[in-house]
Number of protein chains: 2
Amino acid sequence: MAKNNSEIKADLRQEILDAAREMFVAEGYANVSMRKIAEKIGYSPTTIYLYFKDKNDLLHQICEESFAQLARNISSIQQLSANSMDKLRMGLREYINFGLKHPSHYEVIFIMPLKSEVEAEYEMSQGKVAFETLCSSVSDCIKDNLLKNNDVGLISQTLWAGIHGITSLLITHSGFPFAEREKLIDNVIETLISGIEA
Amino acid sequence: MAKNNSEIKADLRQEILDAAREMFVAEGYANVSMRKIAEKIGYSPTTIYLYFKDKNDLLHQICEESFAQLARNISSIQQLSANSMDKLRMGLREYINFGLKHPSHYEVIFIMPLKSEVEAEYEMSQGKVAFETLCSSVSDCIKDNLLKNNDVGLISQTLWAGIHGITSLLITHSGFPFAEREKLIDNVIETLISGIEA
DNA sequence: AATTTAACTTAACAGTGTTAAGTTATTTTT
DNA sequence: AAAAATAACTTAACACTGTTAAGTTAAATT
């Protein structure tokens with residue numbers, strides 16, 4: 001029943017991550033202080049620094065987890081038995097849905113600029129996995145001769161720009177009088193698909 | 001030679017705006033404190049609060065100025081003698097260029113989420129002007145029967161999503177191994193245009 | 001000449017991220 | 001079994017932050 005010490009230690013790191021993620025999502029990164037996180041988990045603020053370099057590092061670790069989740073979601077779509085173009089469409093939609101379902105989270109991951117000295121080292125290491133999943137979906141469409149261009153990287157980055165654009169606009173400019181949400185998202189995806197189609 | 005008092009007062013507001021903009025651009029909104037701004041202009045920190053409600057308000061006022069500049073830039077393109085589709089293309093490119101030329105500035109305007117109680121009141125009052133300039137450019141293309149859809153708002157929002165996407169990605173994910181910048185921007189614009197074209 | 005107003009400052013509050021030093025309990029070594 | 005080392009955590013403090021209430025000083029108005 002009782003956990004031994006190493007389990008408790010391992011748990012504490014995850015406990016901090018869980019508490020921080022929940023609070024970042026609920027109140028926004030800037031509005032959550034190390035002291036508040038510490039209070040929530042019942043430790044002193046400085047304990048967090050035993051597990052994470054600083055507040056930015058804590059954010060980065062949470063980003064990694066979320067990137068990994070998004071990558072799994074998109075990846076599982078690619079294993080459905082549908083044509084490559086429809087799977088690409090579904091992948092794009094999953095990306096947007098992921099962002100809109102976790103707006104504060106998406107903000108933290110993709111919108112907020114994370115300037116850290118060590119950022120270059122591990123930046124997007126899981127984010128790259130998610131992007132590469134998109135690339136392989138695009139690659140499948142190219143193999144099926146469905147696109148007018150065969151530069152996988154260029155097309156994938158263009159698609160990413162499009163879906164990141166609509167996702168982040170809907171999140172950060174919530175006061176703007178956008179068209180009906182589903183209709184707008186459909187239009188963005190169909191415009192992108194139609195723009196790269198053969 | 002010497003300015004009278006009302007001129008000095010009027011100047012001080014602009015002086016604060018100029019100093020704040022320069023520092024926000026150079027160091028990022030979060031890294032500039034009211035005290036640093038005050039020191040730069042040679043007044044006490046609290047003086048700023050005589051001209052602006054709070055730090056967020058100061059940011060909003062700067063945004064308004066920049067929106068207005070962007071709107072003028074795009075608007076002047078629409079008065080060239082070229083076909084409506086090319087002018088639309090040039091407008092899209094001007095938007096992206098504006099963002100990349102003033103990355104910290106763009107960040108402050110379009111990327112950073114500005115949650116203020118009074119935001120809804122004046123949010124994007126100049127931003128709307130910029131957006132409406134894009135709308136009228138789209139509208140011209142529709143009049144010339146060049147688009148496959150005639151929903152001006154929907155198309156404009158889709159285009160905005162695309163150009164905002166590439167601009168903000170290039171700014172905030174500068175560590176990502178993007179394709180060659182000009183090639184990528186061209187591809188985004190051509191994909192969007194080709195996606196809405198008749 | 002007295003009063004009001006405008007423009008600005010001082011001092012302070014309540015918070016922030018972060019660090020250095022200290023404590024306590026457990027584990028390892030002798 | 002006693003001593004030393006380590007791990008896990010806390011206390012106290014530093015140097016900041018945005019913001020406000022109260023105070024000052026000089027000019028304009030009555």
Side-chain angles (χ1 to χ4, degrees), chain A residues 2-21 23-24 26-63 104 108 112-119, chain B residues 2-21 23-24 26-63 104 108 112-119:
Chain A
K3 298 161 187 173
N4 71 30
N5 277 4
S6 67
E7 273 173 354
I8 286 172
K9 169 145 164 66
D11 275 358
L12 183 49
R13 187 176 189 278
Q14 194 59 49
E15 208 179 326
I16 295 170
L17 280 173
D18 291 342
R21 179 177 38 248
M23 296 175 83
F24 287 165
E27 305 168 50
Y29 176 74
N31 301 317
V32 176
S33 71
M34 298 300 258
R35 285 170 174 83
K36 282 183 197 163
I37 297 169
E39 193 182 23
K40 172 153 188 158
I41 58 172
Y43 286 85
S44 93
T46 50
T47 299
I48 300 173
Y49 289 87
L50 301 173
Y51 297 89
F52 302 94
K53 184 178 162 280
D54 54 24
K55 195 185 175 190
N56 232 306
D57 184 37
L58 186 49
L59 182 63
H60 271 91
Q61 301 305 322
I62 290 173
C63 291
S104 307
V108 149
M112 279 203 37
L114 313 172
K115 19 196 152 185
S116 162
E117 321 89 48
V118 287
E119 178 186 13
Chain B
K3 300 159 186 174
N4 71 30
N5 275 4
S6 68
E7 274 174 353
I8 285 173
K9 168 143 167 66
D11 275 357
L12 183 49
R13 187 178 189 279
Q14 193 59 47
E15 208 180 324
I16 295 170
L17 279 173
D18 292 342
R21 180 177 37 249
M23 296 175 84
F24 287 165
E27 305 168 48
Y29 176 72
N31 300 318
V32 176
S33 71
M34 298 299 259
R35 283 172 176 83
K36 282 183 197 163
I37 297 170
E39 192 183 23
K40 174 153 187 158
I41 59 172
Y43 287 85
S44 92
T46 49
T47 299
I48 300 173
Y49 289 87
L50 301 172
Y51 298 88
F52 303 93
K53 182 179 163 281
D54 54 26
K55 195 184 174 189
N56 231 306
D57 184 38
L58 186 48
L59 182 62
H60 272 90
Q61 301 306 322
I62 291 173
C63 290
S104 307
V108 150
M112 280 204 38
L114 313 171
K115 19 196 154 184
S116 163
E117 322 89 47
V118 288
E119 179 187 12

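In the text below, chain A, chain B and the rest are named by the order of the sequence lines, each starting its count at 1.
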For the pair made of [atom1] in [X] and [atom2] in [N], what is the distance, rounded to whole Å?
{"X": "B/N31", "N": "C/dT16", "atom1": "CG", "atom2": "P", "answer": "18 Å"}
{"X": "A/Y49", "N": "D/dC9", "atom1": "OH", "atom2": "P", "answer": "17 Å"}
{"X": "B/L50", "N": "D/dT24", "atom1": "CG", "atom2": "C1'", "answer": "13 Å"}
{"X": "A/Y51", "N": "C/dT18", "atom1": "OH", "atom2": "P", "answer": "18 Å"}
{"X": "A/I48", "N": "C/dG17", "atom1": "CD1", "atom2": "C1'", "answer": "11 Å"}

To the nearest 0.5 Å, how far apart are CD1 in B/I16 and OH in B/Y43?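 Atom-to-atom, B/I16:CD1 and B/Y43:OH are 8.5 Å apart.
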If I take atom CD1 from residue B/I62 and atom OH from residue B/Y29, how far apart are they, to the nearest 0.5 angstrom?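 Separation between the atoms: 9.5 Å.
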May I have the step-by-step check of side-chain contact (heavy atoms from CB on, under 4.5 Å) for A/Y51 and A/L17, ending in yes or no? CA-CA 10 Å; A/Y51 297 89; A/L17 280 173; over 6 Å; no
Looking at B/T47, I'd like to know whether one of its side-chain N or O atoms comes within less than 4.0 Å of OP1 or OP2 on C/dT9.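 Yes, because at least one side-chain N or O of B/T47 sits under 4.0 Å from OP1 or OP2 of C/dT9.
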With hydrogens left out and only the distance checked, is there a donor-acceptor pair under 3.5 Å joining A/R35's side chain and the base of C/dG15?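 Side chain to base: no pair below 3.5 Å.
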Nearest to side-chain heavy atoms of [X], which nucleotide of [options]:
{"X": "A/T46", "options": "C/dA7, D/dT11, C/dT10", "answer": "D/dT11"}
{"X": "B/Y43", "options": "C/dT9, D/dT17, C/dT18", "answer": "C/dT9"}
{"X": "A/D54", "options": "D/dT11, C/dA11, C/dT18", "answer": "C/dT18"}

Which part of the nucleic acid, if any, lies within reach of A/S33 when heavy atoms closer than 4.0 Å are counted: base, sugar-phosphate only, or nothing?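 It contacts sugar-phosphate atoms only.
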Heavy-atom distance under 4.5 Å between the side chains of B/T47 and B/I41, does that happen here?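 B/T47 vs B/I41: side chains apart.
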